[in-house]
Amino acid sequence: MRVLVRCCWGPPLAHGAGRGRPSPQWRGLAQLGWEDSRVRKKPPWRVLFFGTDQFAREALRALHAARENKQEELIDKLEVVTMPSLSPRGLPVKQYAVQSQLPIYEWPDVGSGEYDVGVVASFGRLLSEALILKFPYGILNVHPSCLPRWRGPAPVIHTVLHGDTVTGVTIMQIRPKRFDVGPILKQETIPVPPKSTAKELEAVLSRLGANMLISVLKNLPESLSNGRQQPTEGATYAPKISAGTSCVKWEEQTSEQVFRLYRAIGNIIPLQTLWMGNTIKLLDLVEVNSSVFADPKLTGQALIPGSVIYHKQSQILLVYCKDSWIGVRSVMLKKTLTATDFYNGYLHPWYQKNSQAQPSQCRFQTLKLPTKKKQNKTVAM
């Protein structure tokens, strides 16, 4: 029997259509499922998982636990596709798959087995229409944002970077040629914990996403039938973070914006600035206690963005931003230095040598990286 899988695809849904009945994309699939005995109509499912990082690892762990749960019979086949890595151990998804003795393929190899549904989490590659159509139920994506907000490869970073107070996870069905534009099958929101880093928030969202994925798989045909198109309004894009993002713009960024930047990318790329012509990395940022602001050193000079003062009582460097101060506990110049080390080695000698200069002249300046393509190093979430 010849199977025309492409009949699963049709024209896009009109806004608000698709509730309570199969969408045009899946009407052909529903018919195919009843006519072709090779397409399962209910669990257990055969799943091919695509993923790389720690966020994806949590989704894979949930799928593996479901496969091991023989009483529930949700998954009976689970295989993994991941990206090549320079590390001998591989990426977190590969490490988990090896530990759990799951079959592994390295992209672009996706194996040749038969599957019911694919699952993608933090994979970072567009999947072709031909590949998507190999799966009778398509490919699901576990995306850590409330789509259409923060489509793209770094949604958690941009959630923290822009000070969002609410975020969530979306389970959607992927479409070819564009990232994160397919119909939403399930979406849940949570408040963003105050002052959480992107790494901390990602851990929370990974657990939420894993649970949501299992929920969708338990009612997969119904979830697909009830999928809704993403709203056209409110769409934003979360591009990869470049090294240039880590350069603090003292004249433009407020202290709150600098802290958001630190919480968003500090564990991936240290914040950078310029000290007397040399690049310096800011390793440990802290908020400044209100009592420190009463120090005469802070109130008795012109406030120029980038100005650096050592606060002996707190043992931190105070750096002035566009509107207020941030605290820095340690930096890296030629090596890692505490604030006290930096003061003794650089600030104090500068003041001795330039005794007649104003304190405001002793300051960090915005670092501008070269614009050559080879310098535009990017880091995907």
Side-chain angles (χ1 to χ4, degrees), residues 13 18-23 25-26 29-30 33 39-51 53-80 93 96 100 102 115-123 132 135-150 155-156 159 166-175 180-192 201-231:
L13 278 175
R19 290 235 174 239
R21 57 188 174 84
S23 65
Q25 289 96 327
W26 296 101
L29 177 60
V39 177
R40 300 185 180 183
K41 307 168 188 67
K42 61 181 182 179
W45 308 118
R46 296 164 294 183
V47 178
L48 183 62
F49 180 81
F50 300 77
D53 62 12
Q54 200 66 35
F55 178 85
R57 182 187 183 279
E58 187 65 21
L60 178 60
R61 183 204 60 76
L63 292 170
H64 182 237
R67 194 199 71 168
E68 296 298 296
N69 186 348
K70 303 303 181 183
Q71 294 180 339
E72 195 165 14
E73 294 189 338
L74 180 63
I75 296 172
D76 71 350
K77 178 180 179 179
L78 178 61
E79 299 185 355
V80 175
V93 160
Y96 183 88
S100 304
L102 298 173
Y115 310 94
D116 302 300
V117 63
V119 174
V120 169
S122 296
F123 192 59
I132 296 169
F135 298 84
Y137 290 100
I139 301 179
L140 310 182
N141 179 22
V142 186
H143 187 81
S145 82
C146 293
L147 292 172
R149 185 161 177 79
W150 301 134
V156 181
T159 296
V166 176
T167 188
V169 174
T170 304
I171 308 295
M172 56 159 286
Q173 190 180 38
I174 71 168
R175 293 288 184 257
D180 308 324
V181 297
I184 294 171
L185 309 185
K186 189 177 182 67
Q187 188 173 82
E188 293 185 15
T189 61
I190 62 167
V192 177
L201 183 59
E202 182 187 69
V204 173
L205 294 176
S206 69
R207 293 188 289 270
L208 175 62
N211 293 334
M212 290 170 61
L213 172 64
I214 297 302
S215 174
V216 167
L217 289 174
K218 287 180 179 178
N219 302 283
L220 183 56
E222 181 183 357
S223 295
L224 292 171
S225 296
N226 293 331
R228 58 184 174 87
Q229 295 300 304
Q230 294 185 30

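- Using a 4.5 Å heavy-atom threshold, the side chains of L74 and N69 count as separate.
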Checklist entry - Hey, mind stepping through K70 and D76 against salt bridge (charged side-chain N to carboxylate O under 4.0 Å, His left out) and telling me if it holds? => result CA-CA 9 Å; K70 303 303 181 183; D76 71 350; over 6 Å; no

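- Looking at W150 and V156, their side chains never come closer than 4.5 Å, going by heavy atoms from C-beta outward.
- Centroid-to-centroid, the aromatic rings of W45 and Y115 stay 6.0 Å apart or farther.
- Separating the CZ atom in R67 from the NE2 atom in H64 is a distance of 4.5 Å, to the nearest 0.5 Å.
- Taking OG of S206 as the reference point, atom CG of D53 lies at 9.5 Å (rounded to 0.5 Å).
- Looking only at distances, a side-chain donor or acceptor of R40 sits under 3.5 Å from a matching main-chain atom of P44.
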Checklist entry - Between E222 and L224, does a side chain to side chain contact (heavy atoms under 4.5 Å, CB included) hold up when you go through it step by step? => result CA-CA 5 Å; E222 181 183 357; L224 292 171; over 6 Å; no

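- Atom-to-atom distance recorded for Q230:CD and R175:CZ is 10.5 Å, nearest 0.5 angstrom.
- Here the CD-CZ distance, from E202 to R207, works out to 10.5 Å after rounding to the nearest 0.5 Å.
- Rounded to the nearest 0.5 angstrom, R149 CZ and T167 OG1 are separated by 9.0 Å.
- Among all heavy-atom pairs drawn from L208 and I190, the shortest one is CD2-CG2, 4.0 Å.
- Proximity of V119 to I139: side-chain heavy atoms (C-beta onward) are nowhere separated by under 4.5 Å.
- Of the possible polar contacts, none joining the H143 side chain to the A121 backbone as a donor-acceptor pair under 3.5 Å is found.
- Closest approach of K218 and P43 over heavy atoms only: O-CG, 4.5 Å.
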Checklist entry - Does the side chain to side chain contact (heavy atoms under 4.5 Å, CB included) test come out yes or no for L63 and L213, once each step is laid out? => result CA-CA 8 Å; L63 292 170; L213 172 64; 3.8 Å; yes

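- Closest heavy-atom contact between F135 and G118: CD2-N, 3.3 Å.
- Distance alone, capped at 3.5 Å, is enough to place a donor-acceptor pair between the D116 side chain and the R46 backbone.
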Checklist entry - Does the pair Y137 and V39 meet the rule for a side chain to side chain contact (heavy atoms under 4.5 Å, CB included), with working shown? => result CA-CA 9 Å; Y137 290 100; V39 177; 4.3 Å; yes

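- Smallest separation of non-hydrogen atoms from M172 and V181: CE-N, 3.8 Å.
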Next on the checklist: Between L217 and L140, does the side chain to side chain contact (heavy atoms under 4.5 Å, CB included) criterion hold? Intermediate values first, please.
Outcome noted: CA-CA 10 Å; L217 289 174; L140 310 182; 4.0 Å; yes

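- Not a single donor-acceptor pair under 3.5 Å links the side chain of E79 to the backbone N or O of V47.
- Considering every non-hydrogen atom in both S122 and F55, the closest pair reads OG-CD2, 3.5 Å.
- Annotation: side chain to side chain donor-acceptor pair (under 3.5 Å) contacts of T170 (sequence neighbours excluded): Q187.
- Between D180 and N141 the shortest side-chain heavy-atom distance falls below 4.5 Å.
- One finds a salt bridge joining K186 and E188 here, because a Lys/Arg side-chain nitrogen approaches an Asp/Glu carboxylate oxygen to under 4.0 Å.
- The two residues L185 and G227 make their nearest non-hydrogen contact at CD2-CA, 3.9 Å.
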